[in-house]
Engineer: 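Once you've had a glance at the structure underneath, I'll fire off some questions.
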2 protein chains.
Amino acid sequence: MEQTAPQKGTVTQRAIEQIKAMIGEGLLEPGQRLPTERDLATQLGISRSSMREAIRALTVLGVLEARHGSGIYVTQLDAGDLLETFGVVADLSRGPRLVELLEVRRVLESTATALAAARITPGQLAEVELHLAAMAATDDPEEILSHDLAFHRAIAKAAGNDTMAAILDGLSSRTFRARVWRGYQEEGAFERTGREHARIHRALVARDPEAARAAAAAHVGEVEAWMRGQLDAEELA
Amino acid sequence: MEQTAPQKGTVTQRAIEQIKAMIGEGLLEPGQRLPTERDLATQLGISRSSMREAIRALTVLGVLEARHGSGIYVTQLDAGDLLETFGVVADLSRGPRLVELLEVRRVLESTATALAAARITPGQLAEVELHLAAMAATDDPEEILSHDLAFHRAIAKAAGNDTMAAILDGLSSRTFRARVWRGYQEEGAFERTGREHARIHRALVARDPEAARAAAAAHVGEVEAWMRGQLDAEELA
DNA sequence: CAAGCCGTAGTGGTCCGACCACATCTCTGG
DNA sequence: CCAGAGATGTGGTCGGACCACTACGGCTTG
């Protein structure tokens with residue numbers, strides 16, 4: 001009698017689409033609490049198991065958030081929430097795709113750095129300098145990695161485009177970065193990296209977008225070139 | 001006794017990480033078939049329900065693919081597979097974030113178009129021209145939309161960076177594009193769009209990367225400006 | 001002998017009902 | 001008035017049953 005959906009795909013898939021549609025149509029606002037799993041399952045006419053799978057799917061996509069004992073909530077739908085999954089791409093990529101990833105990062109990072117040079121506030125600049133100093137003050141690779149990430153993240157944030165910053169964040173996921181640094185440090189590339197960071201910093205201080213763009217592009221380009229070299233070496237082996 | 005994992009997070013979450021790790025470490029190759037859900041659940045010491053949720057999660061991430069009656073397989077892990085989820089970002093974004101999305105797209109699309117101008121093959125150029133002609137030959141908005149998407153997709157593909165192409169694809173998801181076109185056509189912007197496409201095409205034929213970059217940036221920039229105008233109008237209302 | 005049909009075993013898909021772990025509110029006792 | 005103990009409701013996990021579909025093999029048939 002009530003034939004709302006004409007049977008396409010699995011029930012779970014349908015449930016995912018329906019909830020997504022509800023959010024898209026504004027029926028569910030960011031931060032809002034959803035009915036319980038049991039109620040939702042009843043409403044959509046499916047079992048709780050299937051509903052749970054749908055919820056799990058939307059959870060990993062950063063659309064929903066399940067709090068044990070409390071309920072299911074729509075996330076803020078921030079760029080960061082939705083783009084968190086981007087990290088798995090970097091983690092699971094290998095070979096030629098790593099170069100492609102770096103190519104994309106070079107394009108975005110140089111643009112973001114240029115924008116940051118024009119827009120960065122004194123407070124944001126101070127944070128950038130903090131990470132820069134921290135990197136120079138230690139020899140612990142783990143710590144350097146952390147501040148390297150934070151350094152670029154702070155710059156991306158200062159560019160004023162959260163979406164771009166979130167993508168860059170995913171493009172530089174921790175495990176991805178760690179893989180690069182591991183082989184990187186054996187070639188005594190720390191000094192050169194430090195110089196490149198300093199160059200980027202100078203451009204930000206000078207509020208020179210063109211210089212910032214060039215410095216950032218060169219910085220990522222170095223890693224890119226190194227990665228290409230690694231791939232060629234592997235091929236010969 | 002055998003305390004392999006020291007209880008962190010939910011069981012399902014752990015299962016997701018474990019399978020992801022297996023793939024990351026090369027224990028599971030692209031295209032390979034996994035054990036059955038029942039066996040996997042036993043191996044990881046969890047129930048089938050939890051295992052199914054983990055599989056569902058990795059499925060929506062484009063890492064695994066479940067074929068009813070056949071088994072579970074690792075995808076090719078292509079950029080397209082992994083970045084399919086990117087579309088939901090575009091679908092669920094609203095307001096200012098749409099502008100940010102277009103800003104990212106402008107940066108990437110202009111770069112991709114420039115690369116395409118340098119690398120495009122005659123065959124690829126022919127496909128681009130096919131969609132260009134198809135757009136000019138019809139008045140059906142639906143069909144124009146399809147060929148508009150295909151036009152840009154073909155160019156991105158010709159740039160030779162599949163990852164970048166996949167991101168651009170997500171950035172121009174169908175529903176996102178449809179929303180723009182709907183209001184766009186009321187302002188008789190078809191002609192201008194046509195001219196912009198022609199300009200891009202000329203640059204490709206001339207194999208002029210700089211011209212291609214400029215044309216693509218201007219093209220996306222137009223949409224960007226229109227979107228900004230829409231937002232301002234909404235604010236006043 | 002070869003080609004096609006068909007049955008069967010095995011797989012993912014769905015459902016159910018029970019119980020556990022945790023968060024939150026309420027009610028009690030000081 | 002407040003702190004703590006309990007009750008309630010929520011998501012998390014489990015086990016088992018059955019359905020829908022695929023793939024494979026043997027069987028029939030030409």
Engineer: According to the salt bridge (charged side-chain N to carboxylate O under 4.0 Å, His left out) rule, which pairs have a member within residues 65-83 of chain A, sequence neighbours left out?
Structural biologist: A:Glu65-A:Arg67
Engineer: In residues 42-51 of chain B, what residues come within less than 4.0 Å of DNA chain D, judged by heavy atoms?
Structural biologist: B:Ile46, B:Ser47, B:Arg48, B:Ser49, B:Ser50
Engineer: Please list, chain by chain and in numerical order, all residues satisfying salt bridge (Lys or Arg N to Asp or Glu O under 4.0 Å) with A:Glu17, sequence neighbours excluded.
Structural biologist: A:Lys20
Engineer: Report each atom pair, protein N/O against N/O of nucleotides 5-11 of chain C, whose distance is under 3.5 angstrom.
Structural biologist:
{"residue": "C:dG10", "atom": "N2", "partner": "B:Gly69", "partner atom": "O", "Å": "3.4"}

Engineer: In the structure I gave you, are the side-chain heavy atoms of A:His219 and A:Thr193 within less than 4.5 Å of one another anywhere?
Structural biologist: yes
Engineer: Is the shortest side-chain N to carboxylate O distance from A:Glu103 to A:Arg228 below 4.0 Å?
Structural biologist: yes
Engineer: Once salt bridge (charged side-chain N to carboxylate O under 4.0 Å, His left out) is applied, what residue pairs with a partner in residues 149-166 of chain A remain, sequence neighbours excluded?
Structural biologist: A:Arg153-A:Asp169
Engineer: Side chains of B:Leu171 and B:Ile167: closer than 4.5 Å at any heavy-atom pair?
Structural biologist: yes
Engineer: What I'd like to find out is whether the side chain of B:Thr75 reaches to under 4.5 Å of the side chain of B:Leu64, using heavy atoms alone.
Structural biologist: no
Engineer: Would you mind reading off the distance between B:Glu53 atom CD and C:dG13 atom C1', rounded to a whole angstrom?
Structural biologist: 14 Å
Engineer: Report the distance from atom CG of A:Leu40 to atom P of D:dG12, rounded to the nearest whole Å.
Structural biologist: 13 Å
Engineer: Write down the distance between CD1 (A:Ile55) and P (D:dG12), rounded to a whole number of angstrom.
Structural biologist: 8 Å
Engineer: Taking only residues two or more places apart in sequence or in another chain, which ones pass ring-ring contact (aromatic ring centres under 6.0 Å, His included) with B:His147?
Structural biologist: B:His131
Engineer: May I have the distance from B:Arg52 (atom CZ) to D:dT13 (atom P), rounded to whole angstrom?
Structural biologist: 15 Å
